[in-house]
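Heads up: the structure comes next, in structure tokens.
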Amino acid sequence: MVSSDAQIIHAMYHSMYRFMIERDVKRLGVLLDDSFVLVHMTGRRQDKQEFLRCVADGTLAYFDEVEESCSVHVGSDTATCVGRSLVEASPFGARRSTWRLEQEIGLVRRGGDWLMTRSTASMY
């Protein structure tokens, strides 16, 4: 059911931010496929383990998120979510600021569950 899948993926987008804010890397990790790669707006790439480590230790510190838009496109076993949010964060020691952050997230269905495989961050 495409609409149900879209709702699940939209909820995953919100959960991702909630878990990053709470530094709950256990629940955040469940959303991510083992092949997950985060591409920062600088072009820096982090695999799943490095990303989770940086969230856990505060290298990537998140404080708040307010969604401005989120579009989800679902195929049979792949999907894309493009979310735009105002994100209060302090990444890599930067001054705590509110960022207009777009995340383009690729997902795959494995064993009936959706998992994030890639997220590309940019400003909007």
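For D47, the salt bridge (charged side-chain N to carboxylate O under 4.0 Å, His left out) test picks out no residue, with sequence neighbours left out. With sequence neighbours excluded, the residues satisfying side chain to side chain donor-acceptor pair (under 3.5 Å) with W114 are D5. With sequence neighbours left out, S76 forms a side-chain contact (heavy atoms from CB on, under 4.5 Å) with no residue at all. Residues meeting the ring-ring contact (aromatic ring centres under 6.0 Å, His included) test with Y17, sequence neighbours left out: Y13. Remark: Q49 engages no residue in a side chain to side chain donor-acceptor pair (under 3.5 Å) (not counting sequence neighbours). Every residue two or more places apart in sequence or in another chain that forms a side chain to side chain donor-acceptor pair (under 3.5 Å) with D24 is listed here: R27. Taking the side chain to side chain donor-acceptor pair (under 3.5 Å) definition, one finds that R96 meets it with E88, sequence neighbours left out.
Note: R18 CZ to L28 CG = 11.0 Å, rounded to the nearest 0.5 Å. Rounding to the nearest 0.5 Å gives a distance of 9.5 Å between CD1 of I105 and CG of L31. For the atom pair CD of Q103 and OG of S85, the computed distance is 8.5 Å after rounding to the nearest 0.5 Å. How far OG of S71 is from NE2 of H10: 9.5 Å, rounded to the nearest 0.5 Å. Going from atom OG of S97 over to atom CG of L86 covers 12.5 Å, rounded to the nearest 0.5 Å. With rounding to the nearest 0.5 angstrom, the CG atom of L32 is 8.0 Å from the CG atom of L115.
Of all heavy-atom pairs spanning I9 and A79, the tightest one is CD1-CB, 3.5 Å. In this structure, R23 and A61 approach most closely via the heavy-atom pair NH2-CB, 4.4 Å.
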Could you go through the side chain to side chain contact (heavy atoms under 4.5 Å, CB included) check for M12 and C81 one step at a time?
-> CA-CA 10 Å; M12 288 175 70; C81 172; over 6 Å; no

ask   = When you look at L60 and Q46, which way does the side chain to side chain contact (heavy atoms under 4.5 Å, CB included) test go after all the steps?
value = CA-CA 12 Å; L60 292 172; Q46 287 185 305; 3.5 Å; yes

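Note on L107: it does not cluster hydrophobically with V82, by side-chain heavy-atom contacts below 4.5 Å among ILVMFWY residues. Linking ILVMFWY side-chain heavy atoms closer than 4.5 Å, directly or via other members, places I21 and W99 in a single hydrophobic cluster. V72 and V108 are members of different hydrophobic clusters when ILVMFWY side chains are connected at heavy-atom separations under 4.5 Å.
Residue R45 qualifies as open at atom CZ: its count of foreign heavy atoms under 6.0 Å is 12 or below.
Looking at T117, its side chain does come within 3.5 Å of a backbone N or O of G106 through a donor-acceptor pair.
Within the structure, ring-ring contact (aromatic ring centres under 6.0 Å, His included) pairs that include any residue of residues 26-64 comprise F36-F51, H40-F92 (at least two apart or interchain). Pairs passing the salt bridge (Lys or Arg N to Asp or Glu O under 4.0 Å) check and including a residue from residues 51-75, sequence neighbours excluded, read E68-R100. Sorted by first and then second residue, the salt bridge (Lys or Arg N to Asp or Glu O under 4.0 Å) pairs with a member in residues 72-84 read D77-R109, R84-E102; sequence neighbours excluded. Contacts classified as salt bridge (Lys or Arg N to Asp or Glu O under 4.0 Å) and involving residues 28-41 (residues at least two apart or in different chains) are given here: D33-R110, D34-K48.
At least one side-chain heavy atom of L101 sits under 4.5 Å from a side-chain heavy atom of M41.
Summarising the hydrophobic clusters (Ile, Leu, Val, Met, Phe, Trp, Tyr; side-chain heavy atoms under 4.5 Å, direct or chained), the residues clustered with V37 are V39.
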